[in-house]
4 protein chains.
Amino acid sequence: MSPRTEEQFELIRQEKRQLIMDTALELFAASGFENTTITQIAKKAGISKGLLYNYFISKEELLEAILNKGIDDMLAGFDPNKDGILDNMEMEFFITQTFRMIKENRKMWKLYIAISFQPSVYKVIENRSKELYEPMVRMMNNYFQDNRFENPQIETFMFSALMDGIAMDYIMAPDIYPVDDVVKELINRYCKQK
Amino acid sequence: MSPRTEEQFELIRQEKRQLIMDTALELFAASGFENTTITQIAKKAGISKGLLYNYFISKEELLEAILNKGIDDMLAGFDPNKDGILDNMEMEFFITQTFRMIKENRKMWKLYIAISFQPSVYKVIENRSKELYEPMVRMMNNYFQDNRFENPQIETFMFSALMDGIAMDYIMAPDIYPVDDVVKELINRYCKQK
Amino acid sequence: MSPRTEEQFELIRQEKRQLIMDTALELFAASGFENTTITQIAKKAGISKGLLYNYFISKEELLEAILNKGIDDMLAGFDPNKDGILDNMEMEFFITQTFRMIKENRKMWKLYIAISFQPSVYKVIENRSKELYEPMVRMMNNYFQDNRFENPQIETFMFSALMDGIAMDYIMAPDIYPVDDVVKELINRYCKQK
Amino acid sequence: MSPRTEEQFELIRQEKRQLIMDTALELFAASGFENTTITQIAKKAGISKGLLYNYFISKEELLEAILNKGIDDMLAGFDPNKDGILDNMEMEFFITQTFRMIKENRKMWKLYIAISFQPSVYKVIENRSKELYEPMVRMMNNYFQDNRFENPQIETFMFSALMDGIAMDYIMAPDIYPVDDVVKELINRYCKQK
DNA sequence: GATGAATGAGGATTCATTCAT
DNA sequence: TATGAATGAATCCTCATTCAT
């Protein structure tokens with residue numbers, strides 16, 4: 001009856017932590033952060049409330065962990081620091097990649113947007129958000145400048161709005177929104193030779 | 001010292017009701033529905049909690065009233081039941097009008113979107129939302145068909161995404177977003193003779 | 001059915017606040033701060049838990065209020081800032097007064113001492129304590145100097161220890177400790193012409 | 001690699017048990033019994049929570065063990081059952097010895113006093129306390145009677161109060177309290193030929 | 001109409017203790 | 001012997017709502 005090894009414990013911790021985060025995200029996305037109780041999360045995850053607090057020091061820290069993980073995944077998913085000139089292929093890849101990530105992390109993004117609409121409450125994600133958005137915007141701006149769009153500034157706003165709008169509409173109604181067709185059209189407009 | 005007439009009382013009631021709604025909206029938009037307490041609203045409105053419940057039977061009904069008022073205003077602001085053919089001028093008017101309403105009711109829209117991201121809460125306004133969206137979508141669809149856009153179906157999705165995205169981006173950062181310029185460009189693209 | 005006047009509300013608040021403090025002190029003194037629950041206090045006071053939090057923002061703030069009130073009472077009970085020369089009568093008055101206050105506020109002092117033994121936890125009363133002790137010690141020192149005791153410094157320590165020890169022993173066993181006799185002896189020793 | 005003998009195991013057990021008690025005392029004295037968690041104790045002692053429960057069946061039993069050990073030490077430190085006549089030397093020895101023990105077990109005494117101020121907790125050590133106090137009081141009484149103090153009864157109360165008060169004041173501020181000087185004066189007053 | 005004291009159900013969090021390994 | 005994940009009862013605290021005045 002020797003005790004578990006360090007590795008065994010670590011494995012247990014990793015798995016349980018992920019289980020809690022997944023379960024919480026599910027519920028947060030469905031009902032919102034405030035409308036989800038720790039009891040609900042614990043019950044759905046099949047663990048006790050106490051154990052949850054063994055992994056996250058508070059409900060809010062659990063939220064942060066989920067959002068940070070989501071942002072990390074997004075950042076890892078593409079290279080936004082592309083400083084050189086983006087050609088059409090690369091832009092197409094960026095768009096495809098972005099929506100692939102959004103589709104894979106739909107619930108996280110739903111939560112993320114919901115939280116973003118309460119800035120005074122959740123300054124938590126403010127900094128992480130900038131990490132994500134600023135390089136993206138810079139990249140878009142470069143693209144529209146380099147590819148001689150008429151008004152790169154405004155084009156960036158329009159394109160961003162399109163990305164955001166498509167993402168939003170898709171997230172709101174994932175089952176019926178023809179996201180692939182719309183994205184294809186988006187690529188058509190922005191990544192083809194003029 | 002003549003006693004107030006029935007109408008005067010009614011007027012006072014209406015004004016107080018509106019005061020409560022305005023105050024609540026302010027707070028809901030800033031911190032979210034769940035993070036705003038009845039006590040906060042009453043204090044900011046300068047009335048007692050008891051009186052607030054004289055005007056609204058519950059916190060949720062107060063929310064509904066605010067959202068319904070917002071949707072009513074929006075519906076009143078344009079004629080979405082336009083069945084005939086929309087010409088470019090009319091489309092331009094629709095866009096201008098829409099963003100004028102959004103700018104005027106920014107906080108209400110912020111609240112509205114935040115609520116929309118919580119399905120379990122969203123049911124409160126689900127039906128009213130459809131009242132607003134469905135005719136809009138029908139109208140857009142008609143416009144793109146009538147004006148011989150290549151793929152009216154997809155065009156409607158793209159255009160809606162643009163509208164939603166611009167609105168969202170503006171609402172998120174109203175102080176720095178160049179909404180007028182972006183909307184002008186939107187009109188340029190969609191309301192000019194081909 | 002006109003609402004209560006400001007004064008009526010204020011009266012209610014004063015009385016209820018005092019009721020809560022009295023009840024809490026009773027329990028804190030009997031079982032200690034940590035071993036007393038808000039539920040116990042509320043039940044004993046005949047009110048709801050919620051109401052308690054209408055008067056005190058936290059359990060700890062309730063403790064502070066009780067201790068501060070006790071210290072205020074003590075400070076009001078005698079003039080520790082006596083800078084001039086204390087004669088025997090005045091010293092006798094000081095001793096008598098002190099023990100009168102201790103007897104009247106026995107439970108508060110029990111709580112106060114118990115709390116004092118956890119300095120790392122309750123820095124709360126540190127400052128207030130100084131307010132109370134420092135002038136007392138200064139006064140004693142003056143007395144022993146002015147009245148030509150052999151070693152005023154050490155005499156102050158001895159006298160303080162006696163006061164503290166008597167108070168402590170009395171508080172521990174108020175029903176059987178002959179505090180009046182002991183205090184009489186104390187006065188005999190320290191306030192009679194040599 | 002010879003297997004440890006039974007005695008070696010027992011020795012290890014004793015040492016670990018003592019380590020836990022020392023660690024716990026440290027924390028109990030600093031923050032109080034209730035404010036110290038088992039987790040804190042285990043972490044500071046460098047062992048697991050489970051192991052701690054291998055040595056003590058409950059947190060309360062750990063407290064009892066600490067206090068009992070302290071009382072045992074105290075009892076072993078002097079002979080309170082002196083039935084014959086105590087001379088001045090012996091009284092001096094008693095006082096010196098007592099404060100030497102208090103200084104050596106300062107934290108234990110801090111805890112002991114803190115506990116004593118919570119009747120509902122005090123029962124844990126009530127009986128052991130009597131074992132310690134009653135013979136002491138009897139001894140003092142005898143001394144004052146035998147040495148023809150005017151009012152031995154009251155003198156016992158005064159002397160006890162002095163002992164308690166000095167101990168208390170020292171324990172409260174061990175770093176600045178001139179305990180040696182004060183004790184010397186105490187001896188001066190009570191152990192010198194009249 | 002108007003007030004704010006009062007309620008109590010419900011939520012987040014803590015922690016002594018257990019137990020599989 | 002030794003580990004720390006896991007439990008759940010208990011605790012503090014919140015807040016929408018009610019109600020006597």
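So you know, we letter chains A, B, ... as the sequences are listed, proteins then strands, and number each from 1.
For the pair D/Lys59 and B/Leu52, nearest-nucleotide mapping onto DNA chain E gives the more 5' position to B/Leu52. Comparing B/Thr39 and C/Ser58, the nucleotide of DNA chain F nearest to each residue sits closer to the 5' end for C/Ser58. Between B/Gly46 and C/Ser48, the residue anchored nearer the 5' end of DNA chain E, judged by the nucleotide with its closest heavy atom, is B/Gly46. Each of B/Glu60 and A/Leu51 was matched to the nucleotide of DNA chain F holding its nearest heavy atom; the match closer to the 5' end belongs to A/Leu51.
Going from atom CG of C/Leu11 over to atom P of E/dA5 covers 12 Å, rounded to whole Å. In this structure, A/Ile20 atom CD1 and F/dA6 atom C1' are separated by 11 Å, rounded to whole Å. We find that CD1 of A/Ile57 is positioned 9 Å from P of E/dT13, with the value rounded to whole Å. When the P atom of F/dA20 is taken as reference, atom CZ of C/Phe9 falls 14 Å away, rounded to whole Å. If you take OH of C/Tyr53 and C1' of E/dG8, they are 14 Å apart, rounded to a whole angstrom. If you take OH of C/Tyr55 and P of E/dG4, they are 12 Å apart, rounded to a whole angstrom. Residue D/Ile38 contributes atom CD1, which lies 20 Å from atom P of F/dA6 at whole-angstrom precision. Computed from coordinates, the B/Ile47 CD1 to E/dT3 P distance equals 8 Å when rounded to whole Å.
Remark: side-chain polar atoms of C/Arg17 are paired, donor with acceptor, to backbone N or O of C/Tyr55 under 3.5 angstrom. Side chain of D/Thr36 to backbone of D/Leu27: a donor-acceptor contact under 3.5 angstrom is found. Of the possible donor and acceptor atoms, none in the side chain of B/Glu126 sits under 3.5 Å from a partner among the backbone N and O of B/Tyr122. Side-chain atoms of A/Gln40 come within 3.5 Å of backbone atoms of A/Thr37 as a donor-acceptor pair (strictly under, hydrogens ignored).
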What dot-bracket string describes DNA chain F from 5' to 3', counting Watson-Crick and G-U wobble pairs whose defining distances are under 3.5 Å, with [ ] for crossing pairs and | for pairs to another strand?
.||||||||||||||||||||
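Within 4.0 Å of A/Arg17, counting heavy atoms only, lies no atom of the nucleic acid at all. Within 4.0 Å of A/Thr36, counting heavy atoms only, lie sugar-phosphate atoms of the nucleic acid but no base atom. Among the heavy atoms of the strands lying under 4.0 Å from A/Ile12 are primed sugar atoms or P, OP1, OP2 only; no base atom is included.
Considering only heavy atoms from C-beta on, A/Ser31 stays 4.5 Å or farther from A/Glu26 through its side chain.
No hydrogens or angles considered: nothing links the side chains of B/Asn127 and B/Glu131 as a donor-acceptor pair under 3.5 Å.
The side chain of D/Asn54 places an N or O atom within less than 4.0 Å of a non-bridging phosphate oxygen (OP1 or OP2) of F/dT1. D/Arg13 has a side-chain polar atom (N or O) that falls below the 4.0 Å cut-off from OP1 or OP2 of F/dT1.
Note: B/Ile41 CD1 to B/Lys43 NZ = 13.0 Å, rounded to the nearest 0.5 Å.
Ring geometry for C/Phe28 against C/Phe33 counts as perpendicular: the plane angle is over 60°, on a 0 to 90° scale with 30° as the lower cut.
Put simply, the side chain of D/Lys49 and the base of E/dT17 share a donor and an acceptor less than 3.5 Å apart.
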